[in-house]
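So that the names make sense, note that chain A is the first sequence line, chain B the second, and so on, each numbered from 1. Quick caveat, the model's predicted, so the values are computed rather than measured.
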Amino acid sequence: MPELPEVETTLQGIQPHIQHQIVQQVVIRHFGLRWPIPKNIIQQLQNQRLLKVERRAKYLLLQFKHGTAIIHLGMSGRLRILKQPISPQKHDHFDILFANKIILRFTDPRRFGAFLWTEAKPHLHPLLCHLGPEPLQKTFSYSYLWQVAQERKVPLKTLIMDPTVVVGIGNIYANEALFMAGLHPNLRANQLSLKQTQALVKAIKYVLRRAIQLGGTTLQDFLKSDGKPGYFANQLQVYGRAGLPCLQCHALLVSVRIGQRSTVFCPRCQKK
DNA sequence: CAGAATACCTGCGGGC
DNA sequence: TGCCCGCAGGTATTCT
């Protein structure tokens, strides 16, 4: 999926077209996403005004009077705005049609995404209630992260990809942030110094902010919701560059696996 | 409980 | 060209 910057970019792309609009129809062509799409979501949304669209972690929340639709893009999901009907393709699993003729279309080849309905407050939903702080908010501070890190023995990269610790950091930005902070991805969390934590938190915020500014990373199948690719890909320092020279020191970048995820780092710039 | 492995899917590129 | 393998940005669930 799209990591946090891509979801944020999607939010910004779709929100102006659909917020405050009334849902005319929900068309579901394939109910089999990560969890089955609940059948009642069609009736729940019908003729309802979309009050607000927001993001929590990588979840998009469409708030209505009687509940909230939760959308997750999984690994390959995409949302687009259509200004007129276009015949659906193979992986276009559902559409939300609004009274202003705008169509929100969800596409997801791997079907790891989700489209759920909750009548409770969304932040109490089982998928959302254990999430850690948003990385770009002040609650994600270096003192917070250091305190959490003291209790954990996992590799640093695993720690920052754990959504109960901090949300929104996937494999790409974990690699990039660790490089920027000059920290070895395999450093144990509880061995982190306060100063190192400070550098890491700074790097995470910087990398994510910059990616959002540039419209998210484009890899394989991610396109922004308006159909144009993002521009962060050419900013990547380590991700996808295993075996190539470090842009900082020219040592060859090394690839290892940490927590079954490919990890790229510079053995010279990123010391334990 | 923490940490590690597994599972859900399709598509793509590389090797043969 | 076609088949088989491994890998891909996520994360809940199951295991040890």
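- Using a 4.0 Å cut-off, no side-chain N or O of A/Tyr173 falls inside it from OP1 or OP2 of C/dG9.
- Across the protein-nucleic acid pair, A/Asp92 atom CG and B/dT10 atom P stand 15 Å apart, rounded to whole Å.
- For residues 111-142 of chain A, every residue pair satisfying the ring-ring contact (aromatic ring centres under 6.0 Å, His included) rule, not counting sequence neighbours, is listed here: A/Phe94-A/Phe115.
- A/Pro36 pairs by the side-chain contact (heavy atoms from CB on, under 4.5 Å) definition with nothing, not counting sequence neighbours.
- Of the candidate nucleotides C/dA8, C/dG10, C/dA12, C/dA12 has the atom lying nearest to any side-chain atom of A/Trp35.
- Within a heavy-atom distance below 4.0 Å of DNA chain C, the residues of residues 257-266 of chain A found are A/Arg257, A/Arg261, A/Ser262.
- Close to B/dA2, at under 4.0 Å from its OP1 or OP2, lies no side-chain N or O of A/Lys153.
- On a pure distance criterion of 3.5 Å, no polar donor-acceptor pair joins the side chain of A/Arg152 and the base of B/dA2.
- Among the nucleotides C/dA8, C/dA12, B/dG11, the one closest to the side chain of A/His91 is B/dG11.
- Side-chain N or O atoms of A/Lys65 include none that pairs as donor or acceptor with a backbone N or O of A/Gln48 at under 3.5 Å.
- Minimum atom distance to the side chain of A/Val154 is reached by B/dA4, of the listed C/dG9, B/dA4, B/dG11.
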Report the C-alpha separation of A/Val53 and A/Leu61 in whole Å, then their side-chain angles, then the decisive distance to 0.1 Å, and conclude whether the side chain to side chain contact (heavy atoms under 4.5 Å, CB included) test is met. CA-CA 6 Å; A/Val53 189; A/Leu61 307 176; over 6 Å; no
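- Distance, A/Arg78 CZ to C/dG9 P: 18 Å, rounded to whole Å.
- Under the 4.5 angstrom side-chain criterion for Ile, Leu, Val, Met, Phe, Trp and Tyr, A/Leu247 has no cluster partners at all.
- For the P atoms, the distance from C/dT14 to B/dC9 is 15 Å, rounded to whole Å.
- In this structure, CG of A/Asp108 is placed 13 Å from C1' of C/dA8, rounded to the nearest angstrom.
- The phosphate of B/dG11 (OP1 or OP2) has a side-chain N or O of A/Lys90 nearer than 4.0 angstrom.
- Between A/Leu236 atom CG and C/dG9 atom C1' the separation is 11 Å, expressed in whole Å.
- For the pair A/His125 NE2 and C/dT11 C1', the computed distance is 14 Å after rounding to whole Å.
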Can I get a per-line list of side-chain donor-acceptor pairs under 3.5 Å for residues 178-192 of chain A, giving both atom names and the distance, sequence neighbours left out?
residue  : atom : partner  : partner atom : Å
A/His184 : ND1  : A/Asn186 : N            : 3.0
A/Asn186 : OD1  : A/Arg188 : NH2          : 3.3
A/Arg188 : NE   : A/Asn186 : O            : 3.4

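- Judged by centroid separation below 5.5 Å and plane tilt below 30°, A/Phe112 stacks onto the base of B/dC8.
- The CE-C1' distance, from A/Met161 to C/dG10, rounds to 8 Å in whole Å.
- Listed by first residue number, the stems of DNA chain C with at least three Watson-Crick or G-U pairs below 3.5 Å are B:2-8 with C:10-16, B:10-16 with C:2-8.
- At least one donor-acceptor pair under 3.5 Å links the side chain of A/His93 to the backbone N or O of A/Asp108.
- Taking side-chain N and O atoms only, A/Tyr59 has a distance below 4.0 Å to OP1 or OP2 of C/dA12.
- Taking only distance into account, the side chain of A/Arg111 never meets the base of B/dC9 through a donor-acceptor pair shorter than 3.5 Å.
- Remark: side-chain polar atoms of A/Glu176 are paired, donor with acceptor, to backbone N or O of A/Tyr239 under 3.5 angstrom.
- Protein atom NE2 of A/His72 is 17 Å distant from nucleotide atom P of B/dC9, rounded to whole Å.
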List the steps, then state whether side-chain hydrogen bond (donor to acceptor under 3.5 Å, both in side chains) holds for A/Glu54 with A/Gln63. CA-CA 8 Å; A/Glu54 53 181 21; A/Gln63 296 188 3; 2.8 Å; yes
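- Comparing B/dG3 with C/dG9, their C1' atoms sit 23 Å apart, to the nearest whole Å.
- One distance of note links CG of A/Leu11 with CD of A/Glu6; it measures 13.0 Å at 0.5 Å rounding.
- Salt-bridge check for A/Arg55 with A/Glu8: passed, with a basic side-chain N closer than 4.0 Å to an acidic carboxylate O.
- Within the nucleic acid shown, A/Arg34 comes within 4.0 Å of at least one base atom, counting heavy atoms only.
- We find that CE of A/Met75 is positioned 12 Å from C1' of B/dA7, with the value rounded to whole Å.
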